[in-house]
Number of protein chains: 2
Amino acid sequence: MNIEIAKENKLAELFGALSEPNRIRIIKILRDSDHELNCGEVSRLLQIAPSTVSYHFKALRQAGLTKTRQQAQTKYLSLNMETFNRYLPSFLDSL
Amino acid sequence: MNIEIAKENKLAELFGALSEPNRIRIIKILRDSDHELNCGEVSRLLQIAPSTVSYHFKALRQAGLTKTRQQAQTKYLSLNMETFNRYLPSFLDSL
DNA sequence: AAACTATTTCTATGAATATCGAAATAGCAA
DNA sequence: TTGCTATTTCGATATTCATAGAAATAGTTT
């Protein structure tokens with residue numbers, strides 16, 4: 001019954017980041033893949049424009065759900081497990 | 001890696017319904033409360049207009065997260081545990 | 001330096017959201 | 001039936017979102 005404004009706002013932010021099917025797919029691919037993902041690969045896999053993928057990457061990153069490693073011009077995405085463990089434990093299993 | 005369009009769309013819909021702080025609060029209050037909630041009570045608790053609460057109730061209901069029981073003019077909201085168990089197991093514990 | 005590759009930002013657009021107050025709907029009670 | 005109470009719908013508005021193409025940014029390779 002007691003209200004924790006900060007936590008509820010953070011959860012709402014996380015769910016907002018997860019409220020788009022392609023972003024769910026990105027998370028799922030990251031969970032199942034044996035390699036990191038870059039923008040171009042996701043663009044080809046999901047058949048959407050690179051600029052749209054970049055937009056989704058940004059949304060996931062800003063919410064704290066993913067991390068980025070840069071190698072040359074390419075940016076590789078991976079899951080930020082701290083966030084999942086802290087706010088959405090066991091969510092990845094139910095995907 | 002294999003894509004399940006229907007499931008991902010459903011999850012995105014559920015997360016959309018949970019992407020608003022006041023709706024998270026409604027779910028949380030329902031989880032912790034010993035009684036069902038109606039529109040007026042939530043309006044007073046969260047300090048938002050009854051019409052806005054009604055809008056949020058509808059969003060939660062349409063996503064399948066809650067159920068409604070009507071008694072006279074009053075509609076009582078409760079959690080739809082089937083949906084939580086099926087798509088978001090253990091989510092309520094992490095709230 | 002010039003050409004190439006990968007990503008991001010910008011611009012534009014159409015769709016969806018959150019909000020409130022007012023009006024409508026519907027049941028209850030005197 | 002008239003008034004009271006609870007909720008929903010409607011109308012209006014301001015904001016945010018998802019999308020793509022074009023332009024900009026930045027690293028690579030020759």
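Letters A, B, ... mirror the listed sequences (proteins, then strands); counts begin at 1. As the structure is a prediction and not an experimental result, all values here were calculated from the model.
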Test: Arg44(B) and Glu41(B) ion pair at under 4.0 Å: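 Salt bridge: no.
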From CD1 (Ile29(A)) to CG (Leu45(A)), nearest 0.5 Å: 5.0 Å
CZ-CG distance between Arg69(A) and Asn38(A), expressed to the nearest 0.5 angstrom: 10.5 Å
Minimum-distance pair of heavy atoms, taken over all atoms of Leu18(A) and Ile24(A): O-CD1, 3.2 Å
Distance, rounded to the nearest Å, where [X] contributes [atom1] and [N] contributes [atom2]:
X	N	atom1	atom2	answer
His56(B)	dT19(C)	NE2	C1'	8 Å
Tyr55(A)	dG14(C)	OH	P	17 Å
Asn38(A)	dT8(C)	CG	P	10 Å
Glu36(A)	dA6(C)	CD	C1'	15 Å
Ile24(B)	dA18(C)	CD1	P	12 Å
Phe57(B)	dT19(C)	CZ	C1'	16 Å
Lys75(B)	dT25(C)	NZ	P	14 Å
Ile48(A)	dT8(C)	CD1	P	13 Å

Pairwise 5' ranking along DNA chain D for Val53(B) and Ala72(A), keeping only the more 5' one: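 Looking at the nearest nucleotide for each, Val53(B) comes out on the 5' side.
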Upstream residue (5' side of DNA chain D) when Ser54(B) and Ser51(A) are each assigned their closest nucleotide: Ser54(B)
Nucleotide interval of DNA chain D bounded by contacts with chain A (heavy-atom cut-off, under 4.0 Å):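 Nucleotide range in contact with chain A: dC17(D) to dT28(D).
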Candidates dT19(C), dC20(C), dC28(C) - which lies nearest the side chain of Gln73(B): dC28(C)
Output side-chain donor-acceptor pairs under 3.5 Å for residues 82-95 of chain A, partner residues at least two apart or in another chain, one line each.
| unit_1 | atom_1 | unit_2 | atom_2 | d |
| --- | --- | --- | --- | --- |
| Thr83(A) | OG1 | Gly64(A) | O | 2.6 |
| Asn85(A) | ND2 | Met81(A) | O | 3.2 |
| Ser90(A) | OG | Ser90(B) | OG | 2.5 |
| Ser94(A) | OG | Phe91(A) | O | 2.7 |

Strictly distance-based, threshold 3.5 Å: is any side-chain N or O of [X] a donor or acceptor partner for the main-chain N or O of [Y]?
X	Y	answer
Gln70(A)	Ala72(A)	yes
Ser43(B)	Ile48(B)	yes
Arg23(A)	Ala17(A)	yes

DNA chain D-proximal residues of residues 59-70 of chain B, any heavy atom under 4.0 Å: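 Listed by number, there are none.
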Side-chain N or O of Thr52(B) closer than 4.0 Å to phosphate OP1/OP2 of dC20(C):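 Answer yes for this pair, as a side-chain N or O of Thr52(B) is under 4.0 Å from OP1 or OP2.
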Audit row: Leu37(A), Tyr76(A), side-chain contact (heavy atoms from CB on, under 4.5 Å) steps and yes/no: CA-CA 5 Å; Leu37(A) 291 176; Tyr76(A) 292 100; over 6 Å; no
Sugar-phosphate only, base, or nothing, as touched by Thr74(B) at under 4.0 Å among non-hydrogen atoms: sugar-phosphate
